[in-house]
Amino acid sequence: MAKSQEEIVRIFFNHLSRSSYDDAKVFMEKQRLVYLNNAWPKAMFDILCDFALAEKNYYDTNFEPSKNKIVERKENENYLDFVYKTLFQDLEKLQTEVEDNYVTKFMTTLLQFISVRLQLLELYDKLYEIGTLNSWINFSELSETVENIQNDLINFSPVDQVLRIVRYELDCIRHLFKCHEHLGDWSYFNSLISLKESSDAFIVWEKCYQNQEGWRFSSLFKSKSTLPPLLLWFQRFKHMTISKYMLYFYGILIRQSSLREVKNTCEIKNLHFFTKMQQLKQKAEALSAILVYETPDYPSDNDSCNEGSPTPPITKMDPYFKYKVMISYPKVPVKFDVVEKIRINEEENSVNKIEMITDENITYMLMRVDLKVIFIMCFDGKPKNEEREKASILEFVSMLRCHRYFTSVNR
């Protein structure tokens, strides 16, 4: 018995909303064998079958073709980007041949959904490119990009059930970007709120992919996660963000609990950034490894400042007010007036530069993590292997900047 157009669409997207992509494809293939009037074009079944497979492949994150994918990737072109664009073009062409109001409306909503997918694919490609640059990352700009995609994500039946999954994805990544933005401002509370919101979004998103297969005895012996690769990437990115949060606010966390509790938590949860910082200091045989926050400029007491002066007064900064130690391993006195002599410019081409200065036999090696966060290594005399230590600092800073995680999204 032939099903109505509305019922076919409802069942198809009900499968997709449960992440049952194969079931959705099999269902549509069966319906293709059933005769419907000309209001429902036969080509529509082919498009929806390919759409279900594209949705399944989307969560592979690898965006590269393999033997079970729809088409082979064109040279220098993202595989899934090509697939979704092809589906979009086929739908647009087919829409001009349809007169039924319901089918036309359904095609319009599906076109809107595919346009959101294309924007997300563009975002992930952008993350990969940013990661390869190995430079400072503008998380505020990335967060704004996600918000713009969310603004295009309106409720349109019948695909609104599937859209909730896309919303979880967008909420998760936007709040993670926001957290890194707040970490760059050393904002404890705002970073914590963003971590909580990203975690909440990930939890409900993860539930969409649980218990998709029937229970099997052999599953008891499987240790590999059944989550799709894209969610596993988000899981690692969230985990890395928590580790960075614990490093930036290590002093606060220790005061709230104890050094032993924080260390044990880091070891159990594999939150490795503090350990990496310790290892970096020890391998370099440095006096200390330090993260410093550079506060926004504000004037200190200046006798030359006159309210009635026609020219702006020269601002004098006290380095010991300007720089705040976020974490130091171990604690050693730092001459911030010496650090102030090194002006690390805000220009993009100098963000990756490692500066070095020696004062009274103490050598300071510095590099920016964010625009307001500086990583410093202090040495007694000259480093034994200057080039090696510079490379180690660059690698550590690159990890804090998320480069490794961004390049892994497209592998």
Side-chain angles (χ1 to χ4, degrees), residues 129-138 180 183-184 186 240 243-244 246-248 250-251 263 266 271-295 317-320 322-408:
E129 292 173 4
I130 289 173
T132 59
L133 294 175
N134 207 32
S135 185
W136 169 74
I137 298 174
N138 190 337
H180 284 274
L183 285 172
W186 204 31
M240 172 268 173
S243 183
K244 183 175 176 179
M246 292 193 70
L247 176 66
Y248 276 38
Y250 203 83
K263 284 185 175 180
C266 289
L271 303 174
H272 59 272
F273 275 130
F274 180 69
T275 302
K276 291 282 186 183
M277 187 170 165
Q278 288 178 307
Q279 292 172 346
L280 181 63
K281 178 263 175 190
Q282 292 166 353
K283 185 177 180 180
E285 299 182 22
L287 290 176
S288 183
I290 309 168
L291 272 178
V292 172
Y293 178 71
E294 184 178 2
T295 61
M317 293 296 301
D318 183 343
Y320 291 89
K322 183 176 181 178
Y323 299 101
K324 306 292 183 183
V325 175
M326 300 165 67
I327 180 172
S328 176
Y329 176 79
K331 291 183 178 179
V332 297
V334 179
K335 290 188 175 182
F336 286 118
D337 54 342
V338 176
V339 174
E340 179 68 6
K341 294 178 182 178
I342 304 178
R343 300 306 304 162
I344 306 179
N345 298 323
E346 301 293 336
E347 298 175 7
E348 188 173 342
N349 62 357
S350 65
V351 174
N352 287 339
K353 189 176 180 181
I354 298 177
E355 302 278 1
M356 193 167 70
I357 189 171
T358 301
D359 180 77
E360 295 182 1
N361 205 39
I362 301 297
T363 299
Y364 299 88
M365 199 174 284
L366 305 88
M367 183 176 183
R368 282 197 182 276
V369 179
D370 298 312
L371 293 183
K372 301 175 185 176
V373 178
I374 305 171
F375 180 67
I376 304 175
M377 290 271 282
C378 301
F379 297 87
D380 185 5
K382 294 285 186 180
K384 292 184 177 180
N385 190 328
E386 181 179 324
E387 293 305 314
R388 185 191 67 184
E389 309 318 335
K390 284 185 176 180
S392 298
I393 289 174
L394 183 60
E395 180 183 3
F396 180 69
V397 169
S398 178
M399 291 173 61
L400 289 177
R401 289 176 174 176
C402 310
H403 295 138
R404 180 180 299 177
Y405 292 89
F406 283 5
T407 52
S408 69

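Please read all numbers here as calculations on a predicted model, not as lab measurements.
Among all heavy-atom pairs drawn from Ile376 and Cys378, the shortest one is CG2-SG, 4.0 Å. Of all heavy-atom pairs spanning Val325 and Phe336, the tightest one is CG2-CZ, 3.6 Å. Here the closest non-hydrogen pair linking Gly381 and Thr363 is O-OG1, 2.7 Å. The two residues Glu294 and Arg368 make their nearest non-hydrogen contact at OE1-NH2, 2.7 Å. Considering every non-hydrogen atom in both Lys324 and Thr295, the closest pair reads CG-CG2, 3.7 Å. Of all the heavy atoms in Val332 and Leu287, the pair that sits closest is CG1-O, 4.1 Å.
Ring orientation note: the planes of Tyr293 and Trp186 are tilted relative to one another, at an angle of 30° to 60°.
We find the OH-CE distance between Tyr329 and Met277 to be 10.0 Å, quoted to the nearest 0.5 Å. Put simply, CE on Met399 and NE2 on His272 are 3.5 Å apart, with the number rounded to the nearest 0.5 Å. From Leu247, atom CG reaches atom CE of Met326 across 7.0 Å, with rounding to the nearest 0.5 Å. With values rounded to the nearest 0.5 angstrom, Ile393 atom CD1 is found 5.5 Å from Phe375 atom CZ. Distance check, rounded to the nearest 0.5 Å: NZ of Lys382 to CD of Glu389 gives 13.5 Å. In this structure, CD in Glu355 is found 11.0 Å from CE in Met365, a value given to the nearest 0.5 Å.
Paired with Glu395 under the rule salt bridge (Lys or Arg N to Asp or Glu O under 4.0 Å), one option of Arg404, Lys276, Arg401 passes, and it is Arg404.
Between the side chain of Lys244 and the main chain of Leu400, a donor-acceptor pair closer than 3.5 Å is present.
Looking only at side-chain heavy atoms (C-beta outward), Tyr248 and Phe273 stay at 4.5 Å or farther from each other. At least one side-chain heavy atom of Ile137 sits under 4.5 Å from a side-chain heavy atom of Phe406. The shortest side-chain heavy-atom distance between Arg388 and Pro383 does not fall under the 4.5 Å cut-off. Side-chain contact between Phe379 and Lys384 is absent, with no heavy-atom pair separated by less than 4.5 Å.
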**Asked** Between Phe274 and Ile327, does a side-chain contact (heavy atoms from CB on, under 4.5 Å) hold up when you go through it step by step?
**Response** CA-CA 9 Å; Phe274 180 69; Ile327 180 172; 3.4 Å; yes
Begin from the C-alpha positions of Leu133 and Glu129 and carry the test side-chain contact (heavy atoms from CB on, under 4.5 Å) through to its verdict. CA-CA 7 Å; Leu133 294 175; Glu129 292 173 4; 5.8 Å; no
